[in-house]
Amino acid sequence: MNKLLKIMDKTISFILIALVGFLAVGVAITIVLRYFFGLSFSTLEEFLTMAFIFTTLFGSALAIRERQHISIAFLADKIAGESRIKKTISVVLVDLSIIFVSAVMVYYSCKWIGQVGSFVSPNSHLPMAAYYIFVPITFALTIFYAIVDILSRFVNIEDSDSGYTTDDVLPEDK
């Protein structure tokens, strides 16, 4: 299980790095083309918009795995205080609510794709299902990671190799 989780973590991290890199380069290109040459490419702008949305979707799933999701940390600390048992209960309740909302999103986004996924984008000429399919995929990842978070409270599951544990301390400062 731990090996599968590490592979998934690295894969999602790589996807996020690639998307952010694409966003940085793409935005720079659109700025140069627009302000220096008066050119605008709506297809590139559509891809950039979708990449931004995908970073949010994939990032929210990975944030649960890395225990960096604001709702989990804030709500668990607020409810539990210093009690370990109360903290475990509150984290499980938050995870269960995330699983419920994500399951609803998977269900309705699949219905949504079935209804409007065959429409073609006017800019990229791709079927909209090519974009929309990432909604149920990322919410399924969110469900998976929330289940892993619950299980990690009771069985030995290694923590992810996350980035910073706090916003104000770099890893070498610890």
Side-chain angles (χ1 to χ4, degrees), residues 3-74 94-95 97-149 160-172:
K3 188 172 183 176
L4 171 67
L5 285 171
K6 296 288 184 189
I7 291 169
M8 287 180 64
D9 295 347
K10 297 282 184 200
T11 303
I12 294 173
S13 294
F14 177 78
I15 290 168
L16 286 167
I17 290 167
L19 286 170
V20 170
F22 173 70
L23 280 168
V25 171
V27 168
I29 289 171
T30 58
I31 289 170
V32 168
L33 290 176
R34 182 175 294 132
Y35 291 107
F36 292 110
F37 300 106
L39 299 172
S40 177
F41 292 106
S42 58
T43 303
L44 179 58
E45 291 178 14
E46 179 178 304
F47 287 147
L48 289 170
T49 302
M50 290 302 140
F52 180 72
I53 292 168
F54 296 161
T55 59
T56 304
L57 293 171
F58 280 108
S60 64
L62 192 59
I64 290 173
R65 169 73 174 127
E66 295 182 353
R67 294 187 179 136
Q68 297 292 320
H69 201 284
I70 192 166
S71 68
I72 294 172
F74 176 77
V94 169
D95 281 341
S97 66
I98 289 171
I99 290 169
F100 174 75
V101 170
S102 297
V104 169
M105 288 299 298
V106 168
Y107 175 77
Y108 283 106
S109 64
C110 287
K111 286 180 70 171
W112 171 50
I113 292 168
Q115 293 173 348
V116 297
S118 62
F119 293 123
V120 176
S121 165
N123 295 321
S124 66
H125 304 291
L126 291 172
M128 294 305 289
Y131 298 129
Y132 297 160
I133 193 66
F134 286 97
V135 175
I137 289 171
T138 54
F139 276 101
L141 282 171
T142 300
I143 291 169
F144 176 76
Y145 278 142
I147 292 170
V148 167
D149 191 48
S160 68
D161 299 329
S162 62
Y164 303 118
T165 54
T166 65
D167 291 335
D168 59 344
V169 179
L170 296 175
E172 56 270 3

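Throughout, numbering of the chain's residues begins at 1 and tracks the sequence.
Donor-acceptor pairing under 3.5 Å is recorded for the side chains of E45 and S40. A side-chain N or O of S124 and one of Y131 form a donor-acceptor pair less than 3.5 Å apart. Side-chain polar atoms of N123 and S42 form a donor-acceptor pair below 3.5 angstrom.
Among all heavy-atom pairs drawn from G26 and L44, the shortest one is O-CD2, 4.2 Å. When all heavy atoms are compared, the tightest approach of V106 to A140 is CG2-N, 3.8 Å. Contact detail for L16 and T55: the closest heavy-atom pair is CD2-O, 3.5 Å. Across S109 and V135, no two heavy atoms sit closer than the pair CB-CG1, 3.6 Å. Considering all non-hydrogen atoms of both residues, M128 and V116 come closest at CB-O, 4.0 Å. The two residues D95 and A146 come nearest to each other via the heavy atoms OD2-O, 3.7 Å.
The side chain to side chain contact (heavy atoms under 4.5 Å, CB included) test with F139 is passed by exactly one of S102, C110, S60: S102. Each of V27, L19, L23 was checked for a side chain to side chain contact (heavy atoms under 4.5 Å, CB included) with F52, and the lone residue meeting it is L23.
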Step by step, work out the side chain to side chain contact (heavy atoms under 4.5 Å, CB included) result for L5 and Y145.
CA-CA 9 Å; L5 285 171; Y145 278 142; 4.1 Å; yes

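By the 6.0 Å contact criterion, NZ on K6 is enclosed, its count of non-hydrogen atoms from other residues, nucleotides or ligands being greater than 12.
Relative orientation of the F134 and F58 rings is perpendicular, given thresholds of 30° and 60° on the angle between their planes.
We find that R65 and D9 are joined by a salt bridge, their nearest charged nitrogen and carboxylate oxygen being less than 4.0 Å apart.
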